[in-house]
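Reading through the structure tokens given below for one structure.
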Amino acid sequence: MTPVTADLRLQVVSNPRYLCAIRELVAVSARQLGFAEAQCSQIALAVDEAVSNIIKHGYAGVADRPIWIELTPTQDAARGPGVRIVIEDEARQVDPGEIKGRDLDDVRPGGLGVHIIREVMDNAVYERRDHAGMRLTLTKLLSSPAKACDAACNCVPHQPAPQPPPPPPST
Amino acid sequence: MPDPTPIAVTLKQLPSGQVVVSAKGDIGYHEAPTLRNVIREAYDKKPKGLIVELSGVDYMATPGLATLVEALQISKKSQIPLTLAGMTERVRAVFEIARLHTVFRIVPDLDAALAP
């Protein structure tokens with residue numbers, strides 16, 4: 001039997017029409033893991049920005065190429081629960097060191113996606129996949145608040161959804 | 001058949017000579033061109049001012065920001081004042097993360113935008 005490595009694994013084609021569904025799925029999943037609304041919205045934003053970048057820059061707008069998104073809850077003994085999201089593609093490979101957001105003082109359209117991703121997530125690591133394409137690993141802890149939200153935005157994480165009891169041992 | 005997009009954008013010309021562009025829905029990579037087209041249509045009318053009303057927008061990604069930065073550049077060139085009205089908290093947070101909240105005229109609602 002193939003071991004399950006992620007709670008959620010989605011394959012989607014590089015068509016922007018599915019971005020809305022991707023961010024809804026990510027936001028709802030983050031909510032199930034106990035993230036607050038503002039955090040869920042920003043996690044979905046980070047994934048949306050990453051997938052948009054793959055579609056626009058990696059695949060140059062070609063709409064039938066594969067993108068994989070994996071979402072896994074994490075548990076750090078010292079820092080508590082969180083989520084890891086891995087986004088992979090088969091697009092052209094680039095030097096991870098060259099993936100940077102633009103200078104924010106230079107006000108012009110575009111170039112903000114990477115800055116937003118790095119800002120709203122705790123960690124964002126780009127790397128080349130072995131054979132083709134790129135991998136982006138995003139992590140966020142429940143205890144890490146949403147960015148740029150004020151006291152009115154209710155960014156305190158609520159309790160995680162109760163887990164179902166484990167299945168009885170098979171006989 | 002064109003793709004349905006989760007955004008509705010309307011344009012209204014006021015007797016004052018101002019134009020209000022109202023957006024409702026998400027503004028991401030897929031939807032931003034719809035907003036961009038209506039904003040360009042608004043500038044073509046040579047209004048005294050352009051107000052982009054965003055109270056119906058609960059989600060904006062960087063393509064939406066880019067569309068509004070592009071509008072700001074047109075406004076500066078054409079000397080047509082641009083105002084963003086009714087921004088939700090979530091959208092405001094994205095502007096702050098991108099440090100764009102200081103470069104736009106942002107007011108709480110349409111009434112404030114229309115006030116002399």
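Throughout, a chain's letter reflects where its sequence line sits, starting with A, and its residues are numbered from 1.
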ILVMFWY cluster, [X] and [Y] together (side-chain gap under 4.5 Å):
X      : Y      : value
A:F35  : A:L141 : no
B:V107 : B:L68  : no
A:V86  : A:W68  : no
A:V28  : A:L8   : no
B:I27  : A:V47  : yes

TODO: Kindly say whether B:I97 contributes a backbone atom to a donor-acceptor pair with the side chain of A:H115 at under 3.5 angstrom?
DONE: yes
TODO: Go through the atoms of A:V120 and report whether side chain, backbone, both or neither lie under 4.5 Å from a heavy atom of chain B.
DONE: side chain
Open item on the list: Shorter than 4.5 Å, heavy atoms on both sides: which option in A:S41, A:A44, A:C20 has the most such pairs with chain B?
Closed with: A:S41
Open item on the list: So if I apply the side chain to side chain contact (heavy atoms under 4.5 Å, CB included) rule between B:T62 and each of A:L45, A:I116, A:I117, A:V114, which one comes out positive?
Closed with: A:I116
- [ ] Verify the neighbour count for atom CZ of A:R129: are there more than 12 heavy atoms of other residues, nucleotides or ligands below 6.0 Å?
- [x] yes
TODO: Begin with the C-alpha distance, continue with both residues' side-chain angles, and end with the deciding distance and a verdict on side-chain contact (heavy atoms from CB on, under 4.5 Å) for A:K147 and B:E96.
DONE: CA-CA 9 Å; A:K147 294 293 163 73; B:E96 289 187 21; over 6 Å; no
Open item on the list: Taking side chain as everything from C-beta outward and backbone as N, CA, C, O, which of these in B:E70 sits under 4.5 Å from a heavy atom of chain A? Side chain, backbone, both or neither.
Closed with: both
Task: Atom group of B:Y59 that falls short of 4.5 Å from chain A, counting heavy atoms - done: side chain
Open item on the list: Could you tell me if the side chain of A:L112 sits less than 4.5 Å from the side chain of B:L100, heavy atoms only?
Closed with: yes
- [ ] Write down the atom of B:A93, the atom of A:Q42, and the distance for their closest heavy-atom approach.
- [x] CB-NE2, 4.0 Å
Open item on the list: Just verifying a value: how many Å separate B:E89 CD and A:E37 CD, rounded to the nearest 0.5 Å?
Closed with: 14.0 Å
Task: Atom pair CD1/NE2 of A:I55 and B:H30 - distance to nearest 0.5 Å - done: 10.0 Å
